[in-house]
Amino acid sequence: MSYNHQHIEKKWQQRWEAAKIFQAKDSGGKKFYCLIEFPYPSGAGLHIGHPRSYTALDVMARKRRMQGMNVLYPIGWDAFGLPTENYAIKTGRKPQEVTIENIATFKRQLQSLGLSFDWSREVNTTDSAYYKWTQWMFLQFFKAGLAYKAKQPINWCLSCKIGLANEEVVNGKCERCGGDTEKREKEQWMIAITKYADRLLEDLDTVDYLEKIKTQQRNWIGKSEGVEIGFEVPLLAKEGSGEVLKIFTTRADTIFGATFLVISPELAKKWIDVGWHASDTVRNYVQESLGRAEMDRTNAEREKTGVDTGVLAINPANQKEIPIWVADYVLGNYGTGAIMAVPQHDERDRAFAMKFGLPIVDEPLVPVDEVIKKVGGKKTVKYKLRDWVFSRQRYWGEPIPLVWCEEHTWVAVPDAQLPVVLPDVDKYEPTDSGESPLASIGSFVNTTCPTCGGPAKRETDTMPNWAGSSWYFLRYIDPKNDRAFADPDKLKHWMPVDLYNGGNEHTTLHLLYSRFWNKFLFDQGHVPTSEPYARRHSHGLVLASDGTKMSKSKGNVVNPDEIVSEYGADALRMYILFMGPFEEPVPWSLNGLIGVRRFLDRVVRYVEGWKEQYVKHSEEHDELVAPYLEKVSTDIEAFKFNTAVSSFMSLFKELTAEVVDRQNPEVFIPPYVSDSMMKKILISLCPFAPHVANECWEMIGEKGFVEEQPWPELSRSLLVRESVEIGVQISGKTRGTIHLSPNATQQEAIEILNLGRPINTPTAHIGTEHSNIWKHLDGKTIVKIIYVPGRILNIVVK
RNA sequence: GGCCGGAUGGCGGAAUUGGUAGACGCGCGGGACUCAAAAUCCCGUAUGGGCAACCAUGUGAGGGUUCGAUUCCCUCUCUGGCCACCA
């Protein structure tokens with residue numbers, strides 16, 4: 001017999017909704033803010049991987065509620081972005097419409113899983129009532145001088161026709177579409193995240209993130225401490241580029257081994273621009289390097305290239321003349337764009353020196369402080385982290401709320417005029433020129449200057465989709481507020497997020513951006529905590545059954561709708577938790593899912609049998625149950641959902657194994673537990689399989705929702721075992737077992753084996769309980785006995 | 001090249017962090033029920049030997065520490081992820 005999942009899941013979902021039992025209260029109680037990364041509602045619908053994170057935190061949220069906490073577990077939509085825009089262009093529709101449809105699909109799919117989200121707080125980044133505040137926050141950056149416009153080379157995706165942040169370029173390819181990128185000069189809005197580099201780094205010590213997440217953030221920020229040292233360049237002095245070339249090094253102690261300098265092509269270009277008479281070879285090399293795609297340039301495997309500039313510098317340590325080369329292995333946007341090359345100590349410099357026949361010399365190492373004393377130089381700190389390119393030349397994003405006035409340059413749109421609404425138009429294709437599509441909409445562009453009232457033009461770039469996701473956790477706290485992004489008292493009540501779970505792919509970008517964003521708001525006095533997330537966990541991917549990534553093109557995508565309709569939400573929820581360790585990638589298995597469904601059927605059958613049984617209040621089997629429920633509880637806390645599920649399975653394996661009925665010895669019945677233990681089982685099961693748990697709850701005659709019950713406390717008397725089985729080893733090899741109290745003494749353990757009894761022949765013990773142990777003791781002398789109560793008895797013999 | 005992780009039956013994975021390796025699930029083999037099938041239930045299932053009791057081997061490879069090692073140390077192989085010419 002199999003329960004009717006379609007019927008019961010619909011029934012309980014409707015009841016939960018009607019009773020509003022998952023709505024968070026903005027005051028009172030011990031709060032627990034539990035956050036999942038809100039999904040991007042793509043046209044493909046929910047991915048089977050989404051429920052992994054959502055179900056795990058759903059278990060956590062449900063447990064916390066039953067533990068009496070006031071839980072906020074919200075959901076929303078990160079809906080701006082390229083895939084939707086591209087899809088809309090392809091199908092000749094509007095992104096607005098497509099987004100509405102996609103959200104509806106996602107919402108239906110998520111609701112079918114019985115997740116305990118507080119749907120009354122749903123947010124949508126593309127809603128003007130939401131992005132009004134995204135724009136407002138951008139203006140706070142602008143007013144604080146942290147948003148600035150800069151002409152600089154950006155990564156341009158040839159296929160998406162969009163400027164990308166450094167973080168969005170992967171091996172020279174666009175992170176979104178995998179297409180080629182090239183460098184282009186473009187005026188971009190930038191946000192000075194690097195001003196927060198130190199705090200983003202240091203404050204990692206104050207939060208509870210998985211260690212690997214902290215390490216990744218640290219590496220991404222890439223702080224390195226070194227020294228800037230000036231090398232005199234007599235020729236440059238003549239040609240007007242300044243007479244000193246500054247280099248950055250973390251190994252100032254090796255300066256005596258610096259046999260040449262290398263400048264980046266970018267720096268060479270600057271020299272040329274200010275009048276340096278470079279040779280044609282140099283000019284050609286520089287031009288070629290700068291046009292080269294990022295991928296070629298930053299490939300470490302590639303053989304080094306470079307040319308001699310013919311310019312000489314003086315090593316301040318020993319006054320020797322050394323040549324300056326230009327080579328593209330030196331990056332223009334890190335350090336000073338120039339290095340001192342020490343082939344003796346640096347692998348890259350050595351490779352370069354070997355290739356071009358430059359001298360490699362052994363040298364004395366001199367402590368950094370002495371070097372600085374001798375040659376000058378300034379201790380400095382450099383970061384790999386770059387400022388955040390905040391402009392996108394696309395339609396489907398938040399308009400940047402600034403106005404250009406000839407008189408007053410960039411002027412912020414006044415708060416009262418926010419939001420600057422994205423115009424609803426038919427034509428919004430990106431342009432090859434790199435201009436935002438909004439630039440061609442006259443009614444949008446032409447406006448008046450908020451300062452002087454004169455004619456002015458709006459900024460036409462839009463924000464990256466990291467913008468809306470950088471602060472959504474704040475909006476959940478007060479989603480309908482139209483006077484502020486959230487009420488300060490409510491923020492104080494809920495912040496920080498107590499538990500944030502998401503994918504590893506967001507460890508460097510989203511996590512860093514949103515920490516930065518929150519820190520800035522904190523500095524401005526708008527949020528109560530410096531760090532937004534007290535604790536961060538991550539989950540592994542759900543792979544296809546062959547162990548590869550699921551992808552449409554490979555046709556190995558699992559559709560959650562089909563799973564829910566055929567096997568039920570509870571089976572999906574429990575299977576996805578059961579399939580493997582939460583943080584590891586795990587392949588999908590339909591058979592595994594079917595196994596979980598069988599387990600749920602077994603649960604329902606047991607409860608049905610239990611209900612019809614005349615003996616209900618016997619507690620004789622309760623102690624069987626307690627350790628399993630205890631394990632479920634501790635496993636949830638440790639994010640070990642897979643073993644929590646197997647604990648339930650083990651429990652029901654025991655509960656459905658038939659035993660002799662003591663009152664009626666001819667009859668075999670399962671070990672039916674007491675009323676109160678039955679309830680505890682269902683309460684513990686509820687976070688995992690809420691529909692089944694509630695259905696069983698009703699079946700046994702209880703009223704209301706399981707969710708309204710307190711989380712079970714298991715009395716110690718039920719958890720303490722009277723007798724345990726431990727292994728008996730002879731010289732480290734297990735030869736048998738004995739049963740004894742977990743705190744029995746060594747003397748008692750030995751007495752069980754009757755070791756005092758003389759041994760004549762091994763055969764004398766055949767048939768006795770411990771004959772095998774005796775057999776291995778025969779003829780040997782006991783050297784040592786190791787006894788660990790409740791664990792092991794090891795008799796070492798000679 | 002850097003950082004972080006892995007490697008355990010036919011498969012996904014357990015193992016109280018040094019204490020009976022293989023829990024739980026899948027798959028497979030056998031049986032019960034059935035006219036039959038499905039569903040369900042029971043038994044078995046690391047490998048080799050043995051009817052069995054048991055014995056030997058066994059957690060990527062090789063060493064080491066220990067009464068005892070999947071767990072700790074050293075050397076090596078393979079492998080996943082992220083970053084990558086960052087001075």
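When the P atom of G25(B) is taken as reference, atom CZ of R602(A) falls 7 Å away, rounded to whole Å. Taking atom CZ of R735(A) as the reference point, atom C1' of C54(B) lies 10 Å away to the nearest angstrom. In this structure, L210(A) places its CG atom 11 Å from P of G5(B), rounding to the nearest Å. Note: CD1 (I726(A)) to C1' (G19(B)) measures 10 Å, nearest angstrom. The NZ atom of K223(A) sits 14 Å away from the P atom of A87(B) (whole-angstrom rounding).
When heavy atoms are screened at a 4.0 angstrom cut-off, H506(A) is found touching no nucleic acid atom at all. The residue N794(A) sits close to a base: some heavy atom pair falls under 4.0 Å. Heavy atoms of K212(A) sit under 4.0 angstrom from primed sugar atoms or phosphate atoms, though from no base atom. Heavy atoms of S224(A) sit under 4.0 angstrom from primed sugar atoms or phosphate atoms, though from no base atom. Using a 4.0 Å heavy-atom distance criterion, K382(A) is classed as making no nucleic acid contact. Residue R597(A) is classed as having no contact, given no heavy-atom separation below 4.0 Å to the nucleic acid. Using a 4.0 Å heavy-atom criterion, one finds that E725(A) contacts the bases of the nucleic acid, with or without backbone contacts as well. Contacts of K798(A) with the nucleic acid, taken as non-hydrogen atoms under 4.0 Å apart, are absent. Residue Q216(A) is classed as a sugar-phosphate contact, given heavy-atom separations below 4.0 Å to backbone atoms only. Among the protein residues, N642(A) comes within range of the sugar-phosphate backbone only, with heavy atoms under 4.0 Å from sugar or phosphate atoms but none that close to a base. T737(A) comes within 4.0 angstrom of a base, heavy atoms only.
When base pairs are accepted only as Watson-Crick or G-U wobble with both N-N or N-O distances under 3.5 Å, RNA chain B takes part in stems of 3 or more pairs at B:1-7 with B:77-83, B:10-12 with B:24-26, B:27-32 with B:40-45, B:46-49 with B:54-57, B:60-64 with B:72-76.
For H47(A), there are no ring pair (Phe, Tyr, Trp, His ring centres under 6.0 Å) partners, not counting sequence neighbours. Taking K246(A) as the reference, E228(A) meet the salt bridge (Lys or Arg N to Asp or Glu O under 4.0 Å) condition, with sequence neighbours excluded.
Between D328(A) and Y285(A), some side-chain heavy-atom pair lies under the 4.5 Å cut-off.
In this structure, the nucleotide among A87(B), C26(B), C67(B) sitting nearest to the side chain of D346(A) is A87(B).
Taking the nucleotide of RNA chain B with the nearest heavy atom to each of S646(A) and M340(A), the more 5' of the two is matched to S646(A).
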